[in-house]
Each structure stands twice: as C-alpha cells, then as structure tokens.
Amino acid sequence: MALDKPYKNVPGTIIFDAEMARKGYHLNQFSMSLMKPENRERFLADQEAYLDEWPLSPKQRQAVLDMDLNAMMAEGGNIYFLSKIGATHGLSFQQMAGSMTGMSEAAYRDMMIGGGRRPEGNRLKDLDGWTPPAPGEKSETMRENPPARFTSALYTSHVPAIGAAMDLGKTEEPYWKKVFSGYEWTRKWAKENTPDVVILVYNDHATAFDSSIIPTFVLGTGEEYPVADEGYGPRPVPDVKGYPELAAHIAQSVIQDDFDLTLVNEMVVDHGLTVPLSLVYGELGVDEEWPVRVIPLAVNVVQYPVPSGRRCYELGKALRRALDKWDGPELNVQIWGTGGMSHQLQGPRAGLINEEWDNAFMDHLIADPLGLTEWPHMEYVDEAGSEGIELVDWLIARGAMDDQFGGGSPTVDHRFYHVPASNTAVGHLVISNPVAPKSDEAAAEGQSAPVQAESADRPLAEANA
Ligand code: DHB
Ligand code: FE
C-alpha cells in the first residue's frame, strides 16, 4: 500500500518531490528572492544579515554560507531554485554542477568535452539489478481498516451573502433564518463528528487565481491559508490551517494515478471555502481556530474548458486510493463538495433557478453517481444556469465513497433545499459511508452493516426540507 517512490535510490541523485519541496520550501523561496538585483546586492554585502530574514534550518543556512550545493539539495533544495544563489556568486551552471561531483572545475570541464559521464556503473540497474516496475494497478477495492478513514461527504452551496449574514449578525432575520434552519441538524452532527481533516473541494472565484494562470485542479499543500479580501475586506473568520503531510501524500499518489494536479503552498481562500466552514462550525472570530485542518482542493469553473463531472468523479476515486495508501497516524477524514445549486449571476437570464433539476441532481448524486457523470456541461449550464456549473465540484467527494469501491451504499443523513440565498438555490446534503465494524466484530459477522442516521432512509423526494 505504500507510496511508489522508485526514484529514491538512483545513485548520486536526489529527486525533488512534494516531500522534498516541503522540506526545502524556505530555502527555495530564499533562492528565488535573488532574482531581484537589489536583493542580490544586499545578500552579497552581508550574507548572514540577509539570511536572518529567512526561516532556514541551521543545516540549510550553513549550506548556503558554504555554497555547498549537495548539502542544500539534501535539505530540500532544487537545482533550478538554487542556481539563483550560484548566479549571484557569478557561477555558471557547469561550475555549479561540477562543484557537486568532487572533481576540480578543469577535470569536470574536460570530462564534458570528452563526451560526459558514461551511464554504465552509474545507474540503479547497474547497482542492484533494478528493472522498471510494471505500470501500477488502480485499485477498485477499498482497504480494510485503513489508518485514514473517509467517514462522511458533506455538500453545500457557498453563497457569499450567507457569510455576510453571519458576519453582520443577520442570521435571525426571517429571510436568513430559513436558510440557516437547514444547517441546525448539521451543526449538532458536526460537534459529535469532528474529523481530523476536511478535504474541501470548492472553486476559486477569480480570487487566488486571476487570468495569469488557470490551473484546472489545485491541491493546497501549504501550512496555512489566509482569508481573502474579495473587495469587501477579509471576512472576520480564522485563517485556515492546512495538513501539509497528508496533502503531500495525496499529491504523490494522485499524480501517479494520472491526475496532473497543480500544487500550491501559498494562496488565499475565498467564500467558496470559508462560507461552508462557517455554515458547519458557526460563528468563530479571527482569534479562534477552526476545529479541523483543511486541505483545499480548488476546481476551475471560471474559464472554459472546465473539467467534466466524469473527470471530477475520477479524481475522487484517485483521492480515495491516496487515502487508502496513507500509513501515517489514524485520521478521520471528511470530503466536502461546495458550490451550486442552480444560479446564474450574469446577463439577462440572471436569477435562473431550477428546483426540479437541482433535486434530480441530488437524487442522482445519492443513488446514481456514475449515471450523473454522463451529464455534460451543457446540461448544467442550460438547466442550472451558468454558475450552476459549480456543481461538478460535488462529484469528487462522491467518487471517493465506499460503494464506488465495492463497499456498502452511503446513508443519507441529512438533506435540505431552499430558494433563495441571494441569487442561488441552497442545497445541502450529508451522506456517510457505512461504519465498518471493528476487525474482531467483522470476523464474527462476516461483513459490515450500514448505520442509519436519525433522518436517514426517507424517500429521496420527500426528504427535502
Ligand atoms: C452567489 C453565489 C455564489 O456561489 C457565488 O460564488 C457568488 C455569488 C450569489 O448567489 O450571490
Ligand atoms: Fe460560487
């Protein structure tokens, strides 16, 4: 089940992956600062003083002062970042590469002129008979008793006005009371079912990402995410704490599973992420802390082409395989999907709401997720409005659930639908994987039995509040 890192033992070689990037984060960012002439000047004038501005480990700091590139690499540096330090000292790439080989500058240059270093004797396969592994299989079954347990999926709209209503103390006004009534059950449930970490799938609304870069799937691998100022000033809620170790693990596994994620260590998070946290955990001031760590997973739905529902569902499956490979501390994990339901924020058709379609979407999400993946973008846009496309975010959590890996169907613990909040139909759903019996019970009973929650098992259509 362990992560595949076949590159670990290539002789004389350090491969820079998410784990190394985490270790070398400040070292690499310090190196990047030397791309500005004024910073190069300050660094060369007083290296110790310049380095005081960067939170480097003692080993990293000493390696920089010694201009010891091997030591910097061992501490998480990457050669393209570190080359900025070398350039500042006036070194060429050939001088930098040669400095790591134990050869003199002249000997290294002569070796290159002579055709370079021969691979024989310098390859992993020469050392221990290593042969390339067969392509990894994508598991379609789930791991029994995994250390990281995916317990529940939670879905909700993330309308910014909901956050504003909370921040401005308007939740008791009749208009807003109706919206918040749909979250009373959830807040009680959330107190008794606080996970260690939420993988929070949302879409950035031209906040962290502008037109300079359009990443399709962004995984937050950072320590912390400040609350964004979307033009009204930042919401007065706590900043969001990440889970870098688990995020790096997920990145490694999911990218090896053919999903080319964009990894982001520093980004602000907008209403798409903070409003769901507020809805579930209530009013918390800036000096308080959210009760969970959060791994943000942002899906581009701003600029077309956007990923299909099918692609999001498959990403969910890759996410579950990643969780099943986790061998770290025991974790209770929830995956949330936010955005939607029907809404259109633009043009003469603004205000479009489609109650029948929204409820059909929830019905299919619960009982027919694979069928739902066949619905094309045009279906979302035409029926649920241009911004209804946010609903593809919901497919990710669903693809990760037990029943998509041969396990039991989820229980429907809570379902709510209400029109309107601002321009939007509010949809909210909590569904849970069957609770696995402890391994000794499982042996006695032969298989797991789903646990029915209080409001579960109602006919789908009637379950709408
Ligand atoms: C609204 C809804 C959204 O999902 C959003 O991102 C922005 C605005 C609204 O209904 O006003
Ligand atoms: Fe939105």
Side-chain angles (χ1 to χ4, degrees), residues 5 7-124 127 212-213 215 221-224 244-245 247-248 251-252 255 262-267:
K5 293 195 170 183
Y7 47 74
K8 276 260 173 182
N9 299 318
V10 178
T13 305
I14 296 174
I15 297 295
F16 185 68
D17 64 7
E19 189 188 345
M20 290 303 279
R22 217 157 53 69
K23 188 173 179 183
Y25 184 67
H26 295 297
L27 174 61
N28 289 320
Q29 295 300 78
F30 144 72
S31 304
M32 294 302 284
S33 75
L34 300 177
M35 291 176 75
K36 292 204 171 96
E38 61 272 25
N39 288 348
R40 292 198 287 273
E41 217 169 279
R42 282 206 297 123
F43 174 68
L44 289 175
D46 188 345
Q47 294 191 31
E48 297 268 10
Y50 191 85
L51 289 174
D52 283 344
E53 297 167 20
W54 294 88
L56 303 188
S57 72
K59 275 187 187 170
Q60 290 172 331
R61 183 184 172 100
Q62 196 54 50
V64 173
L65 293 171
D66 296 342
M67 193 52 211
D68 181 344
L69 285 165
N70 278 325
M72 290 186 234
M73 303 271 308
E75 295 307 309
N78 167 276
I79 187 58
Y80 293 120
F81 291 79
L82 302 177
S83 70
K84 277 67 178 181
I85 311 175
T88 300
H89 288 300
L91 299 173
S92 69
F93 264 100
Q94 187 172 85
Q95 287 170 315
M96 286 188 258
S99 79
M100 290 184 267
T101 62
M103 301 166 77
S104 71
E105 198 180 318
Y108 184 81
R109 190 184 56 233
D110 290 346
M111 177 184 78
M112 295 315 297
I113 289 170
R117 188 186 305 281
R118 291 295 308 161
E120 291 83 10
N122 288 305
R123 296 174 296 206
L124 187 54
L127 297 188
S212 62
I213 179 165
T221 46
E223 299 270 359
E224 196 168 7
E245 298 85 355
Q252 180 84 17
I255 295 171
T262 299
L263 307 181
V264 173
N265 288 313
E266 282 180 27
M267 67 174 174

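One is the number of the first residue; the rest follow in order along the sequence.
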Give a yes or no on whether the backbone of Arg109 and the side-chain of Gln94 come within a donor-acceptor separation of less than 3.5 Å. no
Indicate yes or no for a side-chain donor-acceptor contact from Gln95 to the backbone of Ser92 under 3.5 Å, with no hydrogens or angles considered. yes
Do Glu48 and Leu65 have side-chain heavy atoms sitting under 4.5 Å apart? yes
So, the side chain of Gln60 versus the backbone of Lys23: is there a donor-acceptor pair under 3.5 Å, distance only? yes
Are any side-chain N or O atoms of Asn28 and backbone N or O atoms of Asn78, one a donor and one an acceptor, separated by less than 3.5 Å? yes
Are Lys5 and Glu19 close enough that some pair of their side-chain heavy atoms sits under 4.5 Å apart? yes
Closest approach of Ser33 to Trp54 (non-hydrogen atoms, all atoms of both residues): CB-CZ2, 3.6 Å
For atom CD of Glu105, decide whether the heavy atoms of other residues, nucleotides or ligands shown that lie under 6.0 angstrom number more than 12. no
In a check of side chain to side chain contact (heavy atoms under 4.5 Å, CB included) between Thr88 and each of Gln47, Glu41, Arg40, Met67, which one passes? Arg40
From Gln29 atom CD to His26 atom NE2, the distance as rounded to the nearest 0.5 Å: 8.5 Å
Quick check: closest heavy atoms across Phe93 and Ser83, and the distance to 0.1 Å? CZ-CB, 3.4 Å
Value for CG (Asp110) from CE (Met103), rounded to nearest 0.5 Å, stands at 8.5 Å
One should read off an interatomic distance between Leu27 CG and Met20 CE, to the nearest 0.5 angstrom, of 10.0 Å
Does the side chain of Met100 reach to within under 4.5 Å of the side chain of Ile79, using non-hydrogen atoms? yes
side-chain contact (heavy atoms from CB on, under 4.5 Å) evaluation trace for Phe16 with Phe81: CA-CA 11 Å; Phe16 185 68; Phe81 291 79; 4.3 Å; yes
Tell me the closest heavy-atom pair linking Thr13 and Pro11, and the distance in Å. OG1-O, 2.8 Å
Shortest non-hydrogen contact from Asp17 toward Gln252: OD2-OE1, 3.8 Å
Non-hydrogen side-chain atoms of Tyr50 and Leu34 separated by less than 4.5 Å: yes
Hey, what do you get for OG1 (Thr262) to CD1 (Ile255), rounding to the nearest 0.5 Å? 8.5 Å
Pair Arg118 + Glu120, salt bridge at N-O below 4.0 Å: yes
CG (Leu56) and CE (Met72) are apart, to the nearest 0.5 Å, by 10.0 Å
Closest non-hydrogen atom pair, Ala71 against Ala63: CB-CB, 3.7 Å
Could you tell me whether Phe43 and Phe30 have their ring centroids closer than 6.0 angstrom? yes
Any side-chain heavy-atom pair of Met96 and Leu82 under 4.5 Å: no
Using a strict 4.0 Å threshold on nitrogen-to-oxygen distance, state whether Glu223 and Arg22 make a salt bridge. no
Between Ile213 and Pro215, is any pair of side-chain heavy atoms under 4.5 Å apart? yes
Sidechain-backbone polar pair: Thr101 side chain, Ser99 backbone, donor-acceptor under 3.5 Å: no
May I ask you to decide if Val64's main-chain N or O and Asp68's side chain share a donor-acceptor pair within less than 3.5 Å? no
Are any non-hydrogen side-chain atoms of Ser31 and Ile85 less than 4.5 angstrom apart? yes
From Ile14 CD1 over to Met73 CE, what is the distance, rounded to the nearest 0.5 angstrom? 5.0 Å
Taking the side chain as every heavy atom from C-beta outward, state whether Met111 and Ile113 have any pair of such atoms under 4.5 Å apart. no
Taking atom CE of Met35 as the centre, report whether more than 12 heavy atoms of other residues, nucleotides or ligands fall under 6.0 Å from it. no
So, for Leu263 and Ala251, which heavy atoms are closest and what is the spacing to 0.1 Å? CD2-CB, 3.7 Å
